[in-house]
Number of protein chains: 2
Amino acid sequence: MARKPKQQRSKATVDAIIEAALISIARQGPGATTARQVADIAGIGVGSLYEYFEDKDAIFTAAGARFVDDTVAMIKPLIPELVRMNIRDAVSKLLFTFRDFLEENNQLYLKCARHAFSQDMVMHQAPINRALMDLFTQYLMHHPELLRMPNIPAVAYFYINGGIFTVVRHLSEEKPTQSFEELTMVFGDFLASYAEHKVGASNATQ
Amino acid sequence: MARKPKQQRSKATVDAIIEAALISIARQGPGATTARQVADIAGIGVGSLYEYFEDKDAIFTAAGARFVDDTVAMIKPLIPELVRMNIRDAVSKLLFTFRDFLEENNQLYLKCARHAFSQDMVMHQAPINRALMDLFTQYLMHHPELLRMPNIPAVAYFYINGGIFTVVRHLSEEKPTQSFEELTMVFGDFLASYAEHKVGASNATQ
DNA sequence: TGCTTGTTCGGATTCAATTCGGAAACAGAT
DNA sequence: ATCTGTTTCCGAATTGAATCCGAACAAGCA
């Protein structure tokens with residue numbers, strides 16, 4: 001029950017378990033994945049799961065953490081580049097990168113993300129929101145005229161939360177009513193319009 | 001297994017089961033609610049659950065449908081009034097009504113909504129999105145100058161999906177960074193800014 | 001090699017979901 | 001009120017998944 005892996009071998013096992021969990025969650029959702037399935041995919045015995053994880057839920061939590069870490073690792077390096085672009089281009093670049101990330105490995109992360117909006121899991125997503133909030137803040141630093149926008153924290157809150165959910169939902173759509181490109185444009189336009197309207201500066205987008 | 005209730009008595013039982021399910025979901029989430037708990041809250045025997053529902057999941061689906069129906073029933077009657085207001089006031093009125101609805105019965109519906117964003121459940125939320133899309137469309141009909149906005153479907157998609165998620169998330173926040181009033185204002189401002197920026201008409205908000 | 005510690009395994013146990021057969025409540029007719 | 005077929009309710013028994021546990025196996029070390 002919940003040991004720390006000390007040997008190389010067991011570290012690999014833990015990793016295999018987490019990846020197996022991600023795969024199984026993507027395939028069938030957390031509710032339908034059984035401990036035996038995870039063990040089978042990881043290529044280990046059922047009992048071994050409980051050597052490193054308190055219970056099945058702990059496995060899901062670890063898988064979620066892996067997802068969150070990878071997502072943050074995708075966002076962070078983009079920041080220096082994004083803060084130098086105009087709003088529309090920055091939003092576009094961010095969203096397309098995000099999409100590619102979610103589509104990797106046969107949509108592994110996209111399929112997992114669909115389950116990540118339920119109660120408990122949202123808690124653990126905080127690092128993603130913080131990374132995006134960080135991007136938002138740094139962007140403002142590089143475009144000081146934007147600081148005249150009112151209600152910046154609330155704007156960021158709406159934009160980031162609503163944005164993540166909308167993108168995941170859209171990418172999961174069977175037959176989307178609009179293309180991802182259209183959605184991307186609207187995302188950029190929405191924010192840029194607000195900035196330009198409030199700040200009254202067209203240079204806000206340069 | 002999955003009979004139709006014929007007598008008054010059994011209709012009450014079905015109702016009690018659905019309400020018990022909502023209560024239990026609100027308390028502990030769907031994953032942690034057991035069939036026995038639902039039966040206990042409903043004041044019936046375990047076996048009775050299976051007289052009217054195929055399985056536990058069917059009970060959750062029915063509970064979700066109840067939630068969706070009630071939500072739509074809250075939105076529909078607002079439409080005639082909202083379409084005559086300016087954007088900011090309409091958004092404000094809608095959001096405050098939505099909040100009151102979610103806060104009813106000791107946040108019963110808010111707590112349920114927190115679990116409603118996972119994969120399968122989003123499917124069944126379609127009626128809510130349709131009702132809001134309907135409101136959006138009718139609003140445009142009453143303010144034809146807004147039809148000059150580009151990408152209207154994508155705007156509606158982002159605004160509705162992002163909006164619902166953001167509101168539920170914010171109301172669930174332990175210590176919100178910003179007040180609901182601020183958020184409401186940003187919601188209105190965001191949409192109004194886009195409209196005014198694109199249409200170039202300040203009368204868009206009258 | 002012999003000893004200690006770390007790791008894996010899968011059968012045994014526990015607990016929740018679902019079934020089933022019969023008891024209780026009901027509606028309608030006599 | 002009594003009888004009769006139907007509807008509703010129940011909870012012990014079954015089933016299967018989650019979890020535990022102790023024996024077997026591998027690694028590190030003297």
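Throughout, a chain's letter reflects where its sequence line sits, starting with A, and its residues are numbered from 1.
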Quickly work out the [X] [atom1] to [N] [atom2] distance and round it to whole Å.
| X | N | atom1 | atom2 | result |
| --- | --- | --- | --- | --- |
| B:L49 | C:dA17 | CG | P | 10 Å |
| A:K56 | C:dA16 | NZ | C1' | 12 Å |
| A:E54 | D:dT19 | CD | C1' | 10 Å |
| A:I59 | D:dA17 | CD1 | P | 16 Å |
| B:F53 | C:dT19 | CZ | P | 14 Å |

Do any N or O atoms from the side chain of B:H143 and from the backbone of B:V83 form a donor-acceptor pair under 3.5 angstrom?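 Side chain of B:H143 to backbone of B:V83, a donor-acceptor pair under 3.5 Å: yes, one is there.
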When every nucleotide of nucleotides 5-16 of chain D is labelled 5' to 3' by its protein contacts under 4.0 Å (heavy atoms), B for base, S for sugar-phosphate only, - for none, what sequence of letters results? --BBBBB-----
Output, in order, the C-alpha distance, side-chain angles, deciding distance and verdict of side chain to side chain contact (heavy atoms under 4.5 Å, CB included) for A:N129 and B:R169. CA-CA 13 Å; A:N129 281 61; B:R169 183 134 162 52; 3.8 Å; yes
Could I get the full list of side-chain contact (heavy atoms from CB on, under 4.5 Å) partners for B:E104, not counting sequence neighbours?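 For B:E104 the side-chain contact (heavy atoms from CB on, under 4.5 Å) partners, ignoring immediate neighbours, are B:F101.
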Got a sec, which residues hit side-chain hydrogen bond (donor to acceptor under 3.5 Å, both in side chains) with B:Y159, two or more places apart in sequence or on another chain?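 side-chain hydrogen bond (donor to acceptor under 3.5 Å, both in side chains) check on B:Y159 returns nothing, list empty.
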So, does B:Y50 get its side chain near the phosphate of C:dT18, meaning an N or O under 4.0 Å from OP1 or OP2?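 Checking C:dT18 against B:Y50, a side-chain N or O does come within under 4.0 Å of OP1 or OP2.
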Ring centre gap for B:F117 and A:F117 strictly below 6.0 Å: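 No, the ring centres sit 6.0 Å or more apart.
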NZ/NE/NH1/NH2 to OD/OE distance under 4.0 Å, B:R84 and B:D89: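 No salt bridge links B:R84 with B:D89.
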